[in-house]
Amino acid sequence: MGLGGCIILIAVGAILTFATDWDMQGVNLDLVGVIFMIVGLIGVATFSSIARRRRVVVPPTTPVVDDTRHTHTRDGYSDGYGV
């Protein structure tokens, strides 16, 4: 569930708790609204902590370039021939 879903849960919970006066037998809509708001707040807190962890910036590493040139001299004796 993303941040938008959490905000929708909070809004629906607030509407059920504060803006309705429906009576359903066996269901307390005020309690359902409070539960929705709590779940939405937990989701927002979880989402923000995960998003904060993702924002850690690692400085780019510079590639190491080896400029030493390997020069081989072939004199006829150092490569195993003529020994």
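Quick caveat, the model's predicted, so the values are computed rather than measured.
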Participant: Mind checking what makes side-chain contact (heavy atoms from CB on, under 4.5 Å) contact with Ile42, not counting sequence neighbours?
Facilitator: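 Result, side-chain contact (heavy atoms from CB on, under 4.5 Å) vs Ile42: Ile38, Thr46.
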
Participant: Do Ile15 and Met37 share a hydrophobic cluster (ILVMFWY, side-chain heavy atoms under 4.5 Å, transitive)?
Facilitator: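 Each belongs to a different hydrophobic cluster.
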
Participant: Can I get a per-line list of side-chain donor-acceptor pairs under 3.5 Å for residues 17-24, giving both atom names and the distance, sequence neighbours left out?
Facilitator:
residue: Thr17; atom: OG1; partner: Gly13; partner atom: O; Å: 2.8
residue: Thr17; atom: OG1; partner: Asp30; partner atom: O; Å: 3.4
residue: Thr17; atom: OG1; partner: Val34; partner atom: N; Å: 3.3
residue: Thr20; atom: OG1; partner: Leu16; partner atom: O; Å: 2.8

Participant: Might you point out which heavy atoms bring Phe36 and Leu9 nearest each other, and give the distance in Å?
Facilitator: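 Smallest interatomic distance, heavy atoms only, reads CB-O, 3.6 Å.
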
Participant: List the residues meeting side-chain contact (heavy atoms from CB on, under 4.5 Å) with Leu31, not counting sequence neighbours, and say none if there are none.
Facilitator: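 Leu31: side-chain contact (heavy atoms from CB on, under 4.5 Å) contacts with Asn28, Ile35.
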
Participant: Take Ile10 and Val39, measure what side-chain contact (heavy atoms from CB on, under 4.5 Å) needs, and give me the verdict at the end.
Facilitator: CA-CA 8 Å; Ile10 294 170; Val39 170; over 6 Å; no

